[in-house]
Enquirer: 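Encoded as structure tokens, here's the structure I'll be asking about.
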Number of protein chains: 2
Amino acid sequence: MLVPPKKNQYALRAIFELAKHMDQGPVKISEIAAAQSIPLRFLEVILNQLKASGIVDSKRGFYGGYFLVKPPGQVSVGDVLRFLNRELPVTDCIACVSKTSCPFDGRCAFSSMWIRVKQAAFNIYDETSFQDLIDREQDAGWPGEQ
Amino acid sequence: MLVPPKKNQYALRAIFELAKHMDQGPVKISEIAAAQSIPLRFLEVILNQLKASGIVDSKRGFYGGYFLVKPPGQVSVGDVLRFLNRELPVTDCIACVSKTSCPFDGRCAFSSMWIRVKQAAFNIYDETSFQDLIDREQDAGWPGEQ
DNA sequence: TTCTTTCCTGACTTTAATAGTCGGGAATAT
DNA sequence: ATATTCCCGACTATTAAAGTCAGGAAAGAA
């Protein structure tokens, strides 16, 4: 509970890695995987999906790899998480924040609380850009592996 | 993501039901299950576990059932969620909020963000008592099924 | 052209967590 | 006694997450 799925964490770390190499040409999946300890084949799938978000793009071939479309300051953690967790089916019960229909027809006592929690989380996600994360890592004062 | 597990929701709804019947004697599992649309045998397991938290207690036999130990105003959603999701193993990586050890030795750029989100969520959970939930249901102005 | 390198694609397998069930035993009151 | 209820441990089922794989397509280098 409240533990972001690995896939989400991998996606964020991959983009973080791209952000650190902004304007240095495409970064290979294999490099990202190595730098961030992410299973290679899994990362292939994840990055490929992320292209649809418009956050990253890729180039094939010898000098190929992935790269950020916008500068790190203009991409937030919220953008990524929202894209990865966008709910495709409209059949979800918003009130219960559950995946099946709500037995209380959307009038359960808990709904407003779940919604507030979700909003509180995304407030933080939205105000955290990848540039912030880079800065934060610097401030922590430990030798980046770059 | 950010969707509380069914077990958590069932636990909260069960306690909510107990709160509504405070000082009316024990409430049978079967009654709670019916009122809150929770699978009976599953609810047995959940309520039995919750006894260890000190939030609820039970009585067996003909007039048996479950009941709240403290008044609804003194029990928060946070109390319940914290108990159900207390992490038993100490081997968790706090920085990454993941269940396996952190590949960055606790110095990853995301850790402070995950922690802030968790705190924001529990701030809301902690300040929501079951009395609040009852009041909230009244305010919404729909006929309670009681 | 051909070769190498890289991303691309869809289907597949594995793993782990959640969700839910079951049979019988132990209190408690009538 | 006996009906009713919670209790307990083990069990199964379902689902989502995590990860893998084989081969194909683009891009550039030789």
Side-chain angles (χ1 to χ4, degrees), chain A residues 1-14 17-18 25-34 36-52 56-67 69 81 84-85 87-89 92 96-100 103, chain B residues 1-14 17-18 25-34 36-52 56-69 81 84-85 87-89 91-92 96-100 103:
Chain A
M1 192 214 181
L2 282 182
V3 179
K6 279 257 164 70
K7 186 180 177 184
N8 287 199
Q9 296 193 47
Y10 290 162
L12 293 174
R13 300 218 306 253
E17 193 64 24
L18 293 184
V27 185
K28 299 190 220 318
I29 296 180
S30 56
E31 288 172 357
I32 303 170
Q36 294 287 332
S37 302
I38 303 171
L40 183 85
R41 305 306 278 272
F42 196 20
L43 182 57
E44 279 188 35
V45 175
I46 296 170
L47 280 173
N48 191 42
Q49 278 182 27
L50 282 173
K51 285 178 62 175
V56 304
D57 203 355
S58 67
K59 205 184 150 190
R60 294 201 244 199
F62 199 94
Y63 290 112
Y66 274 85
F67 50 90
V69 170
L81 294 183
L84 287 175
N85 302 286
E87 44 227 28
L88 314 153
D92 286 22
C96 280
V97 200
S98 89
K99 292 189 177 168
T100 57
Chain B
M1 191 215 180
L2 281 180
V3 178
K6 279 255 163 71
K7 186 180 177 183
N8 287 199
Q9 296 193 47
Y10 290 162
L12 293 174
R13 301 218 307 253
E17 193 65 22
L18 293 184
V27 185
K28 299 188 219 320
I29 295 180
S30 57
E31 288 171 356
I32 303 170
Q36 295 286 332
S37 301
I38 303 171
L40 183 83
R41 302 306 278 269
F42 196 20
L43 183 56
E44 279 187 34
V45 175
I46 296 169
L47 281 173
N48 191 44
Q49 279 182 26
L50 282 172
K51 286 177 62 175
V56 303
D57 203 354
S58 65
K59 204 184 151 189
R60 296 203 244 198
F62 199 93
Y63 289 114
Y66 275 85
F67 50 91
L68 275 187
V69 170
L81 294 183
L84 288 176
N85 302 286
E87 42 225 32
L88 316 152
T91 54
D92 287 20
C96 280
V97 199
S98 88
K99 292 189 178 168
T100 57

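First the proteins, then the strands, lettered A, B, ... as listed; each starts at 1.
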Enquirer: In whole Å, what is the span from the OH atom of A:Y10 to the C1' atom of D:dG19?
Expert: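 So the two atoms are 9 Å apart, to the nearest Å.
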Enquirer: Return the value, rounded to whole Å, for the distance between atom CG of A:N8 and atom P of D:dA17.
Expert: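 The distance from CG of A:N8 to P of D:dA17 comes to 9 Å, rounded to the nearest Å.
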Enquirer: If you find the nucleotide of DNA chain C closest to A:S58 and the one closest to B:L43, which residue's nucleotide is nearer the 5' end?
Expert: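 So the residue in question is A:S58.
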Enquirer: Shortest non-hydrogen contact from A:V56 to A:L47?
Expert: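 For A:V56 versus A:L47, the nearest heavy atoms are CG2-O, 4.2 Å.
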Enquirer: In this structure, how many angstroms lie between the P atom of D:dG19 and the CG atom of A:L40, rounded?
Expert: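 Interatomic distance, CG of A:L40 to P of D:dG19: 13 Å.
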Enquirer: Between D:dC6 atom P and B:L18 atom CG, what is the distance in whole Å?
Expert: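 Rounding to the nearest Å, CG of B:L18 and P of D:dC6 are 11 Å apart.
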Enquirer: Just how far is it from atom CG of B:L50 to atom CG of B:L18, taken to the nearest 0.5 Å?
Expert: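 That separation rounds to 9.0 Å.
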Enquirer: From A:K6 NZ over to A:I46 CD1, what is the distance, rounded to the nearest 0.5 angstrom?
Expert: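 So the NZ of A:K6 and the CD1 of A:I46 are separated by 11.0 Å.
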Enquirer: Can you tell me if B:N48 uses its side chain to pair, donor with acceptor, with the backbone of B:E44 under 3.5 Å?
Expert: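 Between the backbone of B:E44 and the side chain of B:N48 there is no qualifying donor-acceptor contact (under 3.5 Å).
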Enquirer: Give the nucleotide from the list C:dC8, C:dG20, D:dC7 with an atom nearest to the side chain of B:K6.
Expert: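 It is C:dG20.
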Enquirer: Can you find a side chain N or O atom of B:N48 that sits less than 4.0 Å from OP1 or OP2 on D:dC6?
Expert: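 For D:dC6, OP1/OP2 do not have a side-chain N/O of B:N48 under 4.0 Å.
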Enquirer: Please give, in whole Å, the distance from D:dT20 P to A:K7 NZ?
Expert: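 Distance check: A:K7 NZ to D:dT20 P gives 15 Å.
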Enquirer: Keeping the roles fixed (side chain from A:Q36, backbone from A:Y10), state whether a donor-acceptor pair exists under 3.5 Å.
Expert: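 Not confirmed, A:Q36 side chain does not pair with A:Y10 backbone.
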Enquirer: Over all heavy atoms of both residues, which pair between B:Q9 and B:P4 is shortest? Give the atoms and the distance, please.
Expert: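 The answer is NE2-O, 3.0 Å.
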Enquirer: Give the rounded distance in Å between these two atoms: CG of B:L47 and C1' of D:dC8.
Expert: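 Those two atoms, CG and C1', are 15 Å apart.
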Enquirer: For nucleotides 3-5 of chain D, print each protein N/O atom paired with a nucleotide N/O atom at under 3.5 Å, atom names and distance only.
Expert:
unit_1 : atom_1 : unit_2 : atom_2 : d
D:dT5  : O4'    : B:G61  : O      : 3.2

Enquirer: Mapping A:R41 and B:Y66 onto DNA chain D by nearest heavy atom, which one lands closer to the 5' end?
Expert: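 That would be B:Y66.
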Enquirer: What is the distance from atom CD1 of A:I32 to atom CD1 of A:I38, rounded to the nearest 0.5 Å?
Expert: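 Taking CD1 in A:I32 and CD1 in A:I38, the distance rounds to 7.5 Å.
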Enquirer: Is there a side-chain polar atom (N or O) of B:K51 under 4.0 Å from OP1 or OP2 of D:dC7?
Expert: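 So the side chain of B:K51 is within the cut-off, an N or O lying under 4.0 Å from OP1 or OP2 of D:dC7.
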Enquirer: What integer distance in Å separates A:E44:CD from D:dG24:C1'?
Expert: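 Between C1' of D:dG24 and CD of A:E44: 13 Å.
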Enquirer: Quick one: A:F67 CZ to D:dA27 C1', roughly how many Å, whole number?
Expert: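 Value for this atom pair: 13 Å.
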